[in-house]
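FYI, side chains are in, hydrogens and waters are out, and symmetry mates aren't considered; it's all heavy atoms of this structure. It should be emphasised that the depicted structure is a prediction, and the values quoted were computed from it without experimental measurement.
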Amino acid sequence: LATGPRQTNGVFYEIRTYDIKPAKMKEFLEMVSKYLHFRTAHSELVGFWYSELGAMNKVLHIWKYDNFAHRTAVRHAVANDKDWQGKFISAALPLIEKQHNEVAYLVPWCQPGKPSKEGGIYEWVTFQMKPGGPALWGEAFRAAINAHVSTGYTKLIGVFHTEYGLLNTVHVLWWNESPDHRAAGRHSAHEDARVVAAVRDSVRFLESQQNVLLIPLQCSPLK
């Protein structure tokens, strides 16, 4: 998030969120685990998770593209992939209640992170910021994120700023060893003067915030 150019290349991320019929979540996840390799043959999957707390019966997956022409070519190839369409899509669509997608850029001051080990849990935090974009709230938001990183209790995986979808939205993906480790870290952070000051400055620009605890699938690159 900066007042200058957002990125130096065309790489972006498509964030897909699906609402699954409550009685069909187990079936849907089993199908994903079995057939996802047909889809990942066409483009890079960052991660695939299902919600545990903060939202119910949702899955979230993030795909990386070099540019919009790359996505168009991939979507064309996927539509013509008989294995993916016949074995997964035709069977999975009746299990899905709603689909939502966004296009977002990884902010230039955040390199993609990875957890220190497999296992643990992810936290997907969505911030709806006041209209005006990064020129208005970018520096304060960055300071708040870095204040949490400095405490060391959590691992920053990525910060994504929407380009298509609801604008002035920032998604932050964190990794923690466990929900209890996260809770203890948050408690300590709330008593850290650096965090308190940075958050107090950033919250001036905040409209709303939602936190969702995510569990990665075994077939997810981030797990």
Side-chain angles (χ1 to χ4, degrees), residues 1 12-20 22 25 28-29 32 36 44-65 96-107 109-129 137 141-142 144-149 151 153-186 189-190 195 199 202-203 205-223:
L1 301 171
F12 67 84
Y13 298 82
E14 183 174 5
I15 302 164
R16 287 183 163 248
T17 307
Y18 298 168
D19 286 24
I20 309 301
M25 177 62 87
F28 181 85
L29 295 180
V32 171
L36 189 63
E44 181 180 348
L45 173 67
V46 176
F48 203 116
W49 303 265
Y50 64 89
S51 62
E52 180 70 12
L53 295 172
M56 297 182 69
N57 303 304
K58 290 183 182 290
V59 297
L60 184 145
H61 39 125
I62 303 175
W63 300 85
K64 181 180 179 181
Y65 294 101
I96 301 172
E97 288 191 328
K98 186 168 60 175
Q99 294 175 296
H100 175 70
N101 76 330
E102 299 169 281
V103 166
Y105 292 101
L106 194 68
V107 299
W109 48 265
C110 174
Q111 295 299 314
K114 291 185 178 181
S116 56
K117 60 183 178 181
E118 290 189 4
I121 54 96
Y122 290 79
E123 184 177 6
W124 182 253
V125 188
T126 299
F127 298 91
Q128 187 60 42
M129 308 302 290
W137 41 257
F141 188 88
R142 178 180 181 177
I145 294 298
N146 286 339
H148 280 92
V149 171
T151 65
Y153 79 89
T154 186
K155 171 70 175 179
L156 180 63
I157 304 299
V159 181
F160 304 88
H161 181 217
T162 57
E163 183 74 10
Y164 287 97
L166 190 60
L167 297 184
N168 296 296
T169 301
V170 185
H171 300 290
V172 183
L173 183 61
W174 302 94
W175 177 87
N176 290 279
E177 291 184 12
S178 70
D180 287 321
H181 184 267
R182 181 260 185 198
R186 290 282 292 179
H190 290 163
V195 175
V199 170
S202 177
V203 79
F205 307 107
L206 181 65
E207 296 281 4
S208 66
Q209 176 180 339
Q210 182 182 18
N211 295 33
V212 180
L213 188 151
L214 298 173
I215 306 297
L217 275 66
Q218 279 301 306
C219 58
S220 173
L222 286 176
K223 55 176 171 288

Which distance, rounded to the nearest 0.5 Å, do you find between the [atom1] of [X] and the [atom2] of [Y]?
X	Y	atom1	atom2	result
Lys155	Lys117	NZ	NZ	14.0 Å
Leu217	Leu36	CG	CG	8.5 Å
Asp19	Lys98	CG	NZ	5.0 Å
Tyr50	Leu60	OH	CG	14.0 Å
Ile215	Glu52	CD1	CD	5.0 Å
Leu29	Trp49	CG	CH2	14.0 Å

Is there a side-chain contact between [X] and [Y] in this structure, where contact means two heavy atoms from C-beta onward sitting under 4.5 Å apart?
X	Y	result
Leu214	Lys58	no
Tyr18	His61	yes
Ser220	Leu45	no
Trp124	Ile15	yes
Tyr153	Arg186	yes
His181	Ile121	no
Ser116	Trp175	yes
Tyr13	Pro112	yes

| task | Start with the C-alpha distance between Trp137 and His161, add both sets of side-chain angles, then the distance that settles ring pair (Phe, Tyr, Trp, His ring centres under 6.0 Å), and finish with yes or no. | result | CA-CA 12 Å; Trp137 41 257; His161 181 217; 5.6 Å; yes
Locate the shortest heavy-atom distance separating [X] from [Y]; write the atom from each residue and the value.
X	Y	result
Trp174	Ile157	C-CG1, 4.1 Å
Asn57	Ser51	N-OG, 3.7 Å
Ala189	Thr151	CB-CG2, 4.4 Å
Gly158	Leu106	CA-CD1, 4.0 Å
Pro221	Gly47	CD-CA, 4.2 Å

| message | Below 30° counts as parallel, above 60° as perpendicular, anything between as tilted: where do the rings of Tyr65 and Phe12 land? | response |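 Answer is tilted, since the angle falls between 30° and 60°.
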| task | Could you name each residue pair satisfying side chain to side chain donor-acceptor pair (under 3.5 Å) that touches residues 207-217, not counting sequence neighbours? | result |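 Matches after skipping sequence neighbours: Glu123-Asn211, Gln209-Asn211.
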| field | Residues that Thr169 engages under side-chain contact (heavy atoms from CB on, under 4.5 Å), provided they are two or more places apart | value |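 Partners of Thr169 by the side-chain contact (heavy atoms from CB on, under 4.5 Å) criterion, ordered by chain and then number, come out as Glu102, Thr126, Gln128, Thr162, Leu166, His171.
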| request: Report, as yes or no, whether the 6.0 Å neighbourhood of atom CD on Gln111 holds more than 12 heavy atoms from other residues, nucleotides or ligands. | output: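 Atom CD in Gln111 is not crowded, with 12 or fewer foreign heavy atoms closer than 6.0 Å.
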| message | With side-chain contact (heavy atoms from CB on, under 4.5 Å) as the criterion, how do Val107 and Phe141 come out once you've worked through the C-alpha distance, each side chain's angles and the decisive distance to 0.1 Å? | response | CA-CA 11 Å; Val107 299; Phe141 188 88; over 6 Å; no
| task | Could you go through the side-chain contact (heavy atoms from CB on, under 4.5 Å) check for Asn101 and Trp63 one step at a time? | result | CA-CA 11 Å; Asn101 76 330; Trp63 300 85; over 6 Å; no
